[in-house]
Amino acid sequence: MDNPIVTKFETTAFTADACFDTALPEPTDVPISLQSKDATSIAGADTIGLSASDTAWLALHKFTGQARKQVLLPSADGRVKVVVLGTGDGHAGDPSGPSDLLVGALASSLPPATYAFAHPPDHGELAAIAWGLGRYAFKRYKTQSSTKTNAPQDGLVTSAKLRLAPTVDASRVINTVEAVWLGRDMINTPASDMGPDEIEATARTLAERHGATISVIKGDDLLAQNFPMIHAVGRASPRAPRLIDLSWSPPGATADSRRITLVGKGITFDTGGLDIKPSSAMLLMKKDMGGAATALALAHMIMGQKLPCRLRLLLAVAENAIAGDAFRPGDILHSRAGTTVEIGNTDAEGRLVLADALTLADEDAPDSIYVFATLTGAARSALGPDLPAFFTDDEALGASLPPLAASIGDPLWRLPLWPGYKRHLDSEIADTNNVWESPFAGAITAALFLRRFVVKARRFSHFDLYGWRPAARPLGPKGGEPQTARAVMEHLRRELTS
């Protein structure tokens, strides 16, 4: 690894395997029974030895298999004998998908022990991933240790483990959980400790871990190598902007292997620039690098699971700060594509840095470009925090990805690249404006702006993320979330290995 960087960011992602036990079952394993509301008997009752008193205990707790209801059955010595989790109608996942995803809620609440399913869940791998996702905690900045016996400490929890069945691909489960933890750690870390240096260091760590190559264009070298809009957005910050370029191929890759390019928005803090945000809108702006975190999480999955493709990862990284040399409303910026952009609003900076990165990505004419960005408030107004907006001009992907994403609890919703709105980006003095002055269709016009910089790639897809879970749910606590990373990975795995 060249040019090592000393940073303040630490991740617990690579300790995610501590949530699981891959050894052979032990007699001391505590059974978990998943119980639907219409079942006539407790699932696995014949193997876990339920007694009449256990049945009475369930009745006392009014347990009827309702979704999310969990009951711990005690043994004679006061330990946990069996865990029973209600799964409802089987389709009560969080925020979507099968009820097996509710296992995530158990992972964050059970006392210390090793647990194992009393009978194989319908979606065993998904249930195991849910356990790992529910086990996550971000406690790095807590100086007082918790009084709870099973309190998570900075992501690493060893006191409650799930025994992985031999039928489950343990390496895939652990890699997926690692990737999501990594994205969460990055988004949750405050901007003081998650700047351009820290994103670069994280990308270098992944490159070294997976044998990828990486290069970085930084500071004024961005001008010399024709990335003027990334430079313009980041030049007011003392932390230099940069373009991070990572490439990887698995053993045996050939010239015919599919070329997949991921592009991530890495605005490490967004003041809005000279069109400054109100303080209330700045509170969560540490998460404006959520697109870069998501792209890195997905890259970790692709490389860790050795998908048969040639991967390229491009991260456009900058801090949108305010200083005497900040770019201004009304400025005309030159882009890498050779076109000019009038700045209608400096708070629409993410699309500017992405445009230069997308131009570079497109020069290679890859098979697919996937763009990840916390780009517009309009997408949140339309779809809320659980549903990232998804744009593509590939009709087959547009039809297949939303139901696939919903089925694994990582949902998204397709919005149109409506050509009639292209005119709203027209400028009287430049080739394009970066915004439409109207409050309407902000997510669509932003996607259309990005689409202008992709000409050669066979497939273009853009994900407008929130990157944040507003409240604790079974799949994780309140905080950062690399939305759509698992969904796109599942799509790629099926597409590339079928």
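- If you look at H462 and F449, their ring centroids are not closer than 6.0 Å.
- Under the 4.5 Å side-chain criterion, counting only non-hydrogen atoms from C-beta, P411 is in contact with P95.
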(request) Step by step, work out the side chain to side chain contact (heavy atoms under 4.5 Å, CB included) result for T268 and I199. (result) CA-CA 9 Å; T268 59; I199 292 181; 3.6 Å; yes
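- When atom types are taken as modelled, the side chain of D288 and the backbone of F269 share no donor-acceptor pair closer than 3.5 angstrom.
- T176 places none of its side-chain heavy atoms less than 4.5 Å from the side chain of M489.
- Although no hydrogens or angles enter the test, the distance criterion places no donor-acceptor pair under 3.5 Å between the side chain of D431 and the main chain of T339.
- A 4.5 Å side-chain heavy-atom check between W436 and R423 finds every atom pair outside the cut-off.
- With contacts defined as side-chain heavy-atom distances shorter than 4.5 Å, the pair F391/L448 does not qualify.
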(request) Could you check L243 against L360 for side chain to side chain contact (heavy atoms under 4.5 Å, CB included), going step by step and ending with a plain yes or no? (result) CA-CA 10 Å; L243 187 283; L360 175 63; 3.8 Å; yes
Only pairs under 3.5 Å count here: list side-chain donor-acceptor contacts from residues 349-359, not counting sequence neighbours, and write none if there are none.
residue, atom, partner, partner atom, Å
E349, OE1, N320, ND2, 3.4
R351, NH1, N434, O, 2.8
D356, OD1, R336, N, 2.9
D356, OD2, M229, N, 2.7
D356, OD2, I230, N, 3.3
T359, OG1, A355, O, 2.8

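- For the pair C19/L162, no side-chain contact is recorded, criterion being any heavy-atom separation below 4.5 Å from C-beta on.
- Contact between L315 and A295 at its shortest, heavy atoms only, is CD2-CB, 4.0 Å.
- Between R469 and D94 there is no salt bridge, since none of the side-chain N atoms of the basic residue sits less than 4.0 Å from a carboxylate O of the acidic one.
- A distance-only check finds a donor-acceptor pair linking the side chain of S381 to the backbone of G377 [under 3.5 Å].
- In this structure, D362 contributes its side chain and V455 its backbone to a donor-acceptor pair below 3.5 Å.
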(request) Quick one: do R473 and D386 satisfy salt bridge (charged side-chain N to carboxylate O under 4.0 Å, His left out)? Show the steps, please. (result) CA-CA 11 Å; R473 303 279 287 275; D386 286 353; 3.7 Å; yes
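- Between R239 and P196 the shortest heavy-atom distance is CB-CD, 3.9 Å.
- H300 NE2 to Q305 CD: the interatomic distance, rounded to the nearest 0.5 Å, is 9.0 Å.
- Contact detail for A67 and A92: the closest heavy-atom pair is CB-CB, 3.7 Å.
- Taking the six-membered ring where the residue is Trp, Y141 and F138 present tilted rings, their angle falling between 30° and 60°.
- For the atom pair CG of L383 and CH2 of W413, the computed distance is 8.5 Å after rounding to the nearest 0.5 Å.
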(request) Start with the C-alpha distance between W468 and R380, add both sets of side-chain angles, then the distance that settles side chain to side chain contact (heavy atoms under 4.5 Å, CB included), and finish with yes or no. (result) CA-CA 11 Å; W468 191 261; R380 306 290 70 74; over 6 Å; no
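- One N or O on the side chain of T376 and one on the backbone of A379 form a donor-acceptor pair closer than 3.5 Å.
- A salt bridge links D331 and R328; the closest N-O separation between the charged side-chain nitrogens and carboxylate oxygens is under 4.0 Å.
- Under the 4.0 Å criterion applied to side-chain N and carboxylate O atoms, E481 and R486 are not assigned as salt-bridge partners.
- No side-chain heavy atom of L313 sits less than 4.5 Å from a side-chain heavy atom of M303.
- Using a 4.5 Å cut-off on side-chain heavy atoms (C-beta onward), L164 and W131 make no contact.
- No hydrogens or angles considered: a donor-acceptor pair under 3.5 Å links the side chains of S109 and Q70.
- Between L102 and G86, the shortest heavy-atom contact is CD1-O, 3.9 Å.
- Nearest heavy-atom pair, K277 versus A281, reported as atom, atom and distance to 0.1 Å: CD-O, 3.8 Å.
- The closest donor-acceptor contact from the side chain of R451 to the backbone of F460 lies at 3.5 Å or more, if one exists at all.
- At most 12 non-hydrogen atoms from other residues, nucleotides or ligands lie less than 6.0 angstrom from OH of Y421.
- Counting only distance, with no hydrogens or angles, the side chain of D193 and the backbone of F9 share no donor-acceptor pair below 3.5 Å.
- Taking the charged nitrogens against the carboxylate oxygens, K456 and D364 have no contact shorter than 4.0 Å, which rules out a salt bridge.
- A donor-acceptor contact shorter than 3.5 Å links the side chain of D464 to the backbone of L375.
- The main-chain N or O of G132 is found under 3.5 Å from a side-chain atom of W181 such that the two form a donor-acceptor pair.
- Using a 4.5 Å heavy-atom threshold, the side chains of F463 and Q483 count as separate.
- Salt-bridge annotation for E495 and R459: present, with a side-chain N of the basic residue lying under 4.0 Å from a carboxylate O of the acidic one.
- Interatomic distance, T346 OG1 to L274 CG, rounded to the nearest 0.5 Å: 5.5 Å.
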(message) Pair T445, V435 - check side chain to side chain contact (heavy atoms under 4.5 Å, CB included), show working.
(response) CA-CA 7 Å; T445 53; V435 294; over 6 Å; no
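- Rounding to the nearest 0.5 Å gives a distance of 8.5 Å between CG of D270 and CE of M282.
- Salt bridge annotation for D245-R312: present, with a cationic side-chain nitrogen under 4.0 angstrom from a carboxylate oxygen.
- At least one donor-acceptor pair under 3.5 Å links the side chain of K69 to the backbone N or O of H61.
- One distance of note links CD1 of I129 with CD1 of I174; it measures 11.0 Å at 0.5 Å rounding.
- Just one residue in the list I32, D100, V83 forms a side chain to side chain contact (heavy atoms under 4.5 Å, CB included) with F117, and that residue is I32.
- Crowding of H91 atom NE2: a count of heavy atoms from other residues, nucleotides or ligands under 6.0 Å not exceeding 12.
- Taking CG of N188 as the reference point, atom NZ of K287 lies at 11.5 Å (rounded to 0.5 Å).
- Of all heavy-atom pairs spanning A212 and W248, the tightest one is CB-CB, 3.8 Å.
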